[in-house]
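Working notes, beginning with the structure itself.
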Protein chains: 2
Amino acid sequence: MARRQAASAGTSANEAAPPPEKRRRVRIKPEERYREFVSKAVELFAEVGFDAGTRELAQRLDVTQPLLYRYFPSKGDLISAVYKEIYLDRWKPGWSGMIEDESEPLRTRLQHFYEDYTETIFTPEWLRIYMFAGLRGVDINARYVVNVETDLLMPMARAVRRELGLDPDAPIRPEEVELFWTLHGGIFYYGVRKVVYGFACPIGKEQMIANAVAAFLDGAASVMRGFAAEDASAPTAPSTRRRSPGSRR
Amino acid sequence: MARRQAASAGTSANEAAPPPEKRRRVRIKPEERYREFVSKAVELFAEVGFDAGTRELAQRLDVTQPLLYRYFPSKGDLISAVYKEIYLDRWKPGWSGMIEDESEPLRTRLQHFYEDYTETIFTPEWLRIYMFAGLRGVDINARYVVNVETDLLMPMARAVRRELGLDPDAPIRPEEVELFWTLHGGIFYYGVRKVVYGFACPIGKEQMIANAVAAFLDGAASVMRGFAAEDASAPTAPSTRRRSPGSRR
DNA sequence: CGCATCATTTATCGATTGATAAATAAGCAC
DNA sequence: GTGCTTATTTATCAATCGATAAATGATGCG
């Protein structure tokens, strides 16, 4: 917790930094600089968090700190650019189609989807920035979570319904979405343990996905059949608060 | 991102803080002060993160900032005390017994356990400090994760084995632990979405647990029977790398 | 080559940080 | 009440933060 101590143990003459070291000043196209900045900012913020200093970022870029303010009016704007890079640019629109495309069996589709999805998010950059952003209280994570529901979990729910011979176009119940969240969250948390907490997971990613999907699909079937039975017995007012098969009390 | 601006728009005479406001100075027993400090530090660090200032903490305690350094040699020691409060003091040793006690059906036990466990961890303080600590890279989360495995997940694995008529004393395979992690992580992530990301979960905690446990127990049964079959066909070298029933490739 | 543009650097400000030393006073023992 | 212990405050330091203004020089165009 001690402050960074004086780097060189030389004469602490109180004035004049030891190595003035004329800087080498190269000019680079603005667009390329911008990309450099955002890329390194993603890396730095993922390591340290959004409290990382602009001076440290400039040092990693081999540039002076005020130059950052030519490209980003404030540190907040730099952070917004980082958000965009992680949340928007790395999202693949093909994922929802991948889940609903019926040319392969459901289990295989989910396996392939989650292998691809986790290849995107199981990196220190993605996971750590996602967690840092969530803790900062910005609404971005809440919005991302909405995307996950509409573009990933609801397609999954429809796919499972087709598999079970249930109506895929009937409105998806909140309980169903929540059920798929447990699969999604379980897989997500594997990445957090491995990548963020540095925990040595003894099982490979593919095998973990295979087991999770297998167990989930088996178990979800009966639960979702239960949901459908409830809907059939009371077809009106389909959304609000009703018992689920496993719930007591 | 702008720095905190001058609180009062009065005369910025450059010197002399506007309200000297003699402080009221009450003496409190050291032990009680210590508890006060840790308690408020938990609250503050959970909100802001461990970069929260010692002055802000002192202000919330209605005390001056240097007083903190009489109780904690450095800010790092304060953080350690916060860790202890969250990770150690809030862990209930009875949980593992709760899972393995066979006086109730397994599904009921898991339901009750997770209701109790989530009552402990589904608070802003617990979840946010857990995430902040994990991102700081301290080993505490990795150690906590070991505790979860040995005291929660492995008891669950044994319980399910008994349920299925399998040998509960045979060594638990890594694949099995990993399988229970998906249940645990799925439930955990519900709390993160709700408490940390502020996402409005449409389903109550109890109902979500009920559905997750029901789906998982159904699905886990077949997967774990598959594990046992593999063990039976090759009883030696039980641990390393083998196919699981759901895995392709 | 000379010149203008603008990417980059130097210098610096005011605020805030963790931490230390010394002065002060609240509360208990007598 | 007197006095001692020590919990608490006042004052202050050096480092670091985000941000701004002005000086500088690399590059491309004529």
Side-chain angles (χ1 to χ4, degrees), chain A residues 1-8 12-37 41 44-45 48-80, chain B residues 1-9 12-37 41 44-45 48-59 61-80:
Chain A
M1 205 52 32
R3 301 297 254 211
R4 174 146 49 250
Q5 62 187 3
S8 68
S12 66
N14 200 5
E15 293 287 344
E21 292 253 1
K22 262 295 177 61
R23 188 166 277 287
R24 62 164 219 273
R25 197 190 293 231
V26 285
R27 280 167 90 109
I28 297 186
K29 271 191 257 183
E31 317 88 57
E32 189 180 343
R33 252 314 177 223
Y34 185 91
R35 291 203 315 269
E36 265 187 22
F37 283 5
L44 177 63
F45 288 154
V48 188
F50 295 107
D51 292 316
T54 54
R55 281 171 179 81
E56 164 117 25
L57 175 57
Q59 190 175 4
R60 293 192 183 198
L61 286 157
D62 199 41
V63 175
T64 56
Q65 177 246 4
L67 185 58
L68 293 173
Y69 286 86
R70 185 170 181 87
Y71 292 84
F72 304 94
S74 77
K75 190 181 172 182
D77 294 274
L78 175 58
I79 293 177
S80 297
Chain B
M1 207 50 37
R3 302 298 255 209
R4 173 144 52 249
Q5 61 186 5
S8 69
S12 67
N14 200 5
E15 294 285 343
E21 292 251 1
K22 263 293 177 60
R23 186 165 279 288
R24 63 163 220 273
R25 198 188 294 233
V26 284
R27 281 167 89 108
I28 297 187
K29 272 191 255 184
E31 317 88 57
E32 189 180 342
R33 254 307 180 227
Y34 185 91
R35 290 202 315 270
E36 266 186 19
F37 282 6
L44 177 62
F45 288 153
V48 188
F50 295 108
D51 292 316
T54 54
R55 280 170 179 83
E56 163 117 26
L57 176 57
Q59 189 176 3
L61 286 156
D62 200 39
V63 180
T64 57
Q65 177 246 3
L67 185 59
L68 293 173
Y69 287 85
R70 186 173 181 86
Y71 292 84
F72 304 93
S74 77
K75 190 181 172 183
D77 294 273
L78 175 58
I79 292 177
S80 298

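In the text below, chain A, chain B and the rest are named by the order of the sequence lines, each starting its count at 1.
As a whole-Å value, the separation of B:Lys29 NZ from C:dG27 P is 13 Å. The nearest whole Å value for the distance from the CG atom in A:Leu61 to the C1' atom in C:dT8 is 13 Å. Following rounding to the nearest Å, A:Ile28 (CD1) and C:dT8 (P) show an atom-to-atom distance of 6 Å. Here the C1' atom of nucleotide C:dT16 and the NZ atom of A:Lys75 are 13 Å apart, to the nearest Å. Here the P atom of nucleotide D:dG18 and the CD atom of A:Gln59 are 14 Å apart, to the nearest Å. Taking atom CD on B:Glu32 and atom P on D:dA7, their separation rounds to 14 Å, with Å as the unit.
Ring planes of A:Tyr71 and A:Phe37: perpendicular class, angle over 60° (limits at 30 and 60°).
Each of B:Arg27 and B:Phe50 was assigned the nucleotide of DNA chain C with the nearest heavy atom; the assignment lying further toward the 5' end belongs to B:Phe50.
The base of C:dT16 is not paired with the side chain of B:Arg55 by any donor and acceptor separated by under 3.5 Å.
Phosphate contact (OP1/OP2 of D:dT8, side-chain N/O of B:Arg33, threshold under 4.0 Å): present. OP1 or OP2 of C:dA7 has at least one side-chain nitrogen or oxygen of A:Arg70 nearer than 4.0 Å. Between A:Thr64 and the phosphate of C:dT8, there is no side-chain N or O to OP1/OP2 separation shorter than 4.0 Å.
Among the nucleotides D:dT9, C:dT9, D:dA19, the one closest to the side chain of A:Ser74 is D:dA19.
The side-chain hydrogen bond (donor to acceptor under 3.5 Å, both in side chains) test applied to B:Asp77 returns B:Ser74, not counting sequence neighbours.
Between A:Leu67 and A:Leu61, the closest side-chain pair of non-hydrogen atoms is not below 4.5 Å.
We find the CZ-OG1 distance between B:Arg70 and B:Thr64 to be 11.5 Å, quoted to the nearest 0.5 Å. With rounding to the nearest 0.5 angstrom, the OG1 atom of B:Thr54 is 12.5 Å from the CZ atom of B:Phe72.
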Mind listing the side-chain donor-acceptor pairs of residues 27-36 of chain B below 3.5 Å, one per line with the distance, residues two or more places apart or on another chain?
from	atom 1	to	atom 2	distance (Å)
B:Arg33	NH1	B:Glu36	OE1	3.1

Polar atom pairs between nucleotides 20-24 of chain C and protein, under 3.5 Å, N or O only, would you list them?
from	atom 1	to	atom 2	distance (Å)
C:dT24	O2	B:Arg25	NH1	2.7

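Residue-level contact check: A:Ala52 touches the backbone only, with heavy atoms under 4.0 Å from sugar-phosphate atoms and none from bases.
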